[in-house]
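Since the structure comes first, as structure tokens, the remarks are kept for the end.
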Amino acid sequence: MDELNLYNMAYKHLFDCIHFGLYPTGSSLPTVPELCKTFNVSSATIHNALKLLQEDNYVSLSQGRSAIVTYEAKEEECKTKYMTYSYATKDALLDLCDTMLLIWPEVMLQGLKLCDEGDLKKLTDIYERMTPYNEYPFLEFFFHILKALGNPLFLNLYMSTSFFGHSTIMHLGDKAYIYGYMTYLKRETAQILSLYKACDYGQLKNLLVSLYQKHIEGVRLYYDSLLPPEHPAEPIPYKWNYFSERPLVSFNLAMKLLRQIYSSFGNQEFLPSFTSLAKQYSIPLITVRRAVKILSDIGVVETIPGKGTRVLVGVDNPAPISKFTTPNLKKALLQYLQSVQIILIICKNVARSVLPTLEDSSIQGTISWLQNIQSSKDYYMTFGVCFGLLNEKAQSPALKQILNGLMYFQYLGYPLNDTKPNEFRFDSHSTTVLLKSLEEKDAELFAAELQRLTLDIFKTGKEKLIAGGIHEAEAIALPPLN
């Protein structure tokens with residue numbers, strides 16, 4: 001994972017914890033080793049985050065000691081600020097909790113299935129360090145389970161959702177609640193290890209679901225106990241911050257342009273000028289240049305001096321890639337495969353949740369798409385149409401945010417369609433089954449077949465990346481799905 005992303009998360013988390021009074025004036029922050037383990041980064045990265053806090057006059061640093069909070073604020077003032085912030089994030093956080101109930105237990109279960117003896121020893125060591133007075137070992141425990149999936153994008157999503165709304169400090173000052181919840185959490189963690197050793201995955205899944213439901217219960221109890229603030233702030237929505245970090249803005253734009261190219265540009269057409277694109281997307285010119293460089297590395301466009309940027313692929317000419325290991329292409333393709341792995345794990349639960357809420361018009365629209373795919377035999381479009389249905393029609397803003405982010409990454413995989421040695425193994429079977437499931441409004445059949453199709457896409461994409469010399473793809477594990 002890009003350490004800059006986690007550095008920003010670490011800084012923002014500590015900043016908010018200080019700002020809201022979790023670490024009052026004169027108290028010590030967690031040690032550098034604790035923070036390194038929690039955020040899975042080097043000590044240099046944490047030191048940089050702490051230095052920035054020092055520059056902002058929030059902490060003081062001295063050799064060999066934990067950072068000391070120097071920010072001065074009265075306890076009541078901090079609580080007022082946090083109450084205002086809590087109400088601003090209330091609707092988004094409750095919605096996010098419901099969304100993560102679809103995602104978190106399943107992801108943790110698949111991560112546990114991939115853990116080995118070394119991971120078990122590490123998890124046991126973390127468990128023994130757990131106390132009711134320190135939340136960081138608990139974060140580290142579940143973070144380590146996720147690492148077994150070999151997917152930095154998952155780790156980023158976990159951090160992004162864990163720290164939104166700062167639900168870990170929402171019972172600030174209620175020491176009895178904190179002690180009771182942390183004691184409960186440690187007891188359940190011991191049960192997770194016991195069920196994992198027994199390979200009792202059915203009970204393990206039930207436990208993970210009840211564990212997250214307990215978390216949601218605590219969130220709701222907190223909001224029930226709050227009085228409305230005197231001066232409410234504007235609502236704060238959840239955003240998967242992976243897409244807002246500065247180094248990724250150019251990739252975000254590249255993905256948008258790639259989607260536009262494959263949907264509406266023909267071979268040899270020219271993109272709008274850099275200036276026009278900068279104005280259209282309200283971004284600096286340098287960001288546009290970097291985005292076009294990414295597309296150039298992928299082999300999608302080429303720059304013609306004095307004329308502009310010419311499209312080499314598009315609706316009428318999907319072109320193969322010649323350079324697999326250029327840095328930008330390598331990063332883009334790995335991100336694509338990481339996103340497919342996430343979809344593979346979560347799509348069944350998401351489909352079960354979204355399909356029953358769809359209006360007949362949405363279902364009929366997708367049925368027409370799939371019928372057209374059958375007629376044209378463009379079966380590679382089936383996945384995008386069906387996953388796009390879930391993305392576009394999800395009622396939860398948080399779920400829509402996550403699915404939309406994953407959908408962006410799918411466009412980075414388009415150039416693989418014509419890449420040797422293996423073509424994507426798309427045929428009529430999945431299209432026929434998915435069409436039938438929508439006609440019969442069979443959410444379970446739709447969910448199962450979409451997961452099977454995603455599994456095929458994941459396996460083939462991983463094969464292509466490894467065959468093309470991107471051996472980092474080997475670490476992105478195939479979950480042992482039921």
Side-chain angles (χ1 to χ4, degrees), residues 13-14 16-17 20-24 27-31 33-40 66 75 78-79 82-83 86 93-94 96-98 100-101 104-105 107-109 111-112 115 119-147 158-159 161-198 200-226:
H13 175 67
L14 294 172
D16 286 342
C17 286
F20 296 134
L22 180 64
Y23 300 118
S27 65
S28 299
L29 294 185
T31 66
E34 281 182 310
L35 293 172
C36 289
K37 291 173 183 175
T38 298
F39 291 95
N40 193 39
S66 297
E75 181 179 351
C78 288
K79 286 185 176 180
Y82 188 70
M83 184 178 71
S86 293
L93 181 57
L94 290 173
L96 179 62
C97 284
D98 291 338
M100 293 310 293
L101 185 58
W104 188 88
V107 172
M108 289 298 168
L109 178 65
L112 281 164
C115 287
D119 292 315
L120 176 60
K121 183 179 184 305
K122 176 68 175 177
L123 291 171
T124 302
D125 291 343
I126 298 172
Y127 165 77
E128 290 174 350
R129 288 192 277 109
M130 292 177 177
T131 74
Y133 309 104
N134 186 355
E135 68 178 345
Y136 288 98
F138 295 93
L139 287 168
E140 185 187 348
F141 182 87
F142 293 109
F143 197 96
H144 188 81
I145 293 172
L146 277 182
K147 287 171 68 176
Y158 171 63
M159 286 295 187
T161 56
S162 294
F163 292 141
F164 179 76
H166 288 269
S167 54
T168 52
I169 60 173
M170 58 177 38
H171 287 273
L172 189 64
D174 189 346
K175 294 182 179 179
Y177 176 86
I178 294 172
Y179 183 90
Y181 180 72
M182 291 297 190
T183 301
Y184 158 81
L185 193 56
K186 181 168 184 179
R187 184 177 68 248
E188 297 303 288
T189 303
Q191 186 67 4
I192 287 174
L193 291 173
S194 176
L195 291 172
Y196 165 73
K197 291 175 185 176
D200 190 346
Y201 296 122
Q203 287 298 316
L204 187 53
K205 175 66 176 292
N206 292 337
L207 176 61
L208 290 167
V209 170
S210 66
L211 194 61
Y212 201 79
Q213 287 172 332
K214 179 73 171 179
H215 165 72
I216 296 175
E217 178 186 322
V219 173
R220 294 190 183 280
L221 284 173
Y222 169 72
Y223 283 123
D224 289 343
S225 71
L226 276 184

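- Taking 4.5 Å as the limit, some side-chain heavy atom of N206 sits within range of a side-chain heavy atom of Q203.
- Inter-residue side-chain proximity for T161 and F164 is flagged as unmet; no heavy-atom pair is nearer than 4.5 Å.
- Counting only heavy atoms from C-beta outward, the side chains of Y181 and E217 never approach each other to under 4.5 Å.
- Rounding to the nearest 0.5 Å gives a distance of 5.0 Å between CG of L123 and NE2 of H144.
- With values rounded to the nearest 0.5 angstrom, L207 atom CG is found 15.0 Å from Y212 atom OH.
- The aromatic rings of Y136 and H13 sit perpendicular, their planes meeting at an angle over 60°, well past the 30° parallel limit.
- Closest approach of L101 to Q213, counting heavy atoms only: CD1-CG, 4.0 Å.
- For the pair R129 and D125, the salt-bridge criterion is not met [side-chain N within less than 4.0 Å of a carboxylate O].
- Scanning all heavy atoms of the two residues, the minimum distance from L139 to F163 falls at CD1-CE2, 3.9 Å.
- The OG atom of S225 sits 8.0 Å away from the CG atom of L221 when rounded to the nearest 0.5 Å.
- The nearest pair of heavy atoms linking V209 to P105 is CG2-CB, 3.8 Å.
- When all heavy atoms are compared, the tightest approach of P132 to T183 is CG-OG1, 3.9 Å.
- Looking at T31 and S66, their side chains come closer than 4.5 Å, going by heavy atoms from C-beta outward.
- Summarising the geometry, atom CE belonging to M182 is positioned 7.5 Å from atom CG belonging to N134; distances are rounded to the nearest 0.5 Å.
- Two residues are said to be in side-chain contact when any heavy atoms from C-beta on lie closer than 4.5 Å; Y184 and L211 meet this criterion.
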Taking only distance into account, with no hydrogens and no angle test, what donor-acceptor pairs under 3.5 Å do side-chain atoms of residues 185-196 form with protein atoms, sequence neighbours excluded?
{"unit_1": "K186", "atom_1": "NZ", "unit_2": "M130", "atom_2": "O", "d": "3.0"}
{"unit_1": "T189", "atom_1": "OG1", "unit_2": "L185", "atom_2": "O", "d": "2.7"}
{"unit_1": "Y196", "atom_1": "OH", "unit_2": "C115", "atom_2": "O", "d": "2.8"}

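- Rounding to the nearest 0.5 Å places OH of Y158 at 7.5 Å from CH2 of W104.
- Using cut-offs of 30° and 60° on the angle between ring planes, the pair Y222 and Y82 is tilted.
- Here M100 contributes atom CE and S162 contributes atom OG; the two are 7.0 Å apart, rounded to the nearest 0.5 Å.
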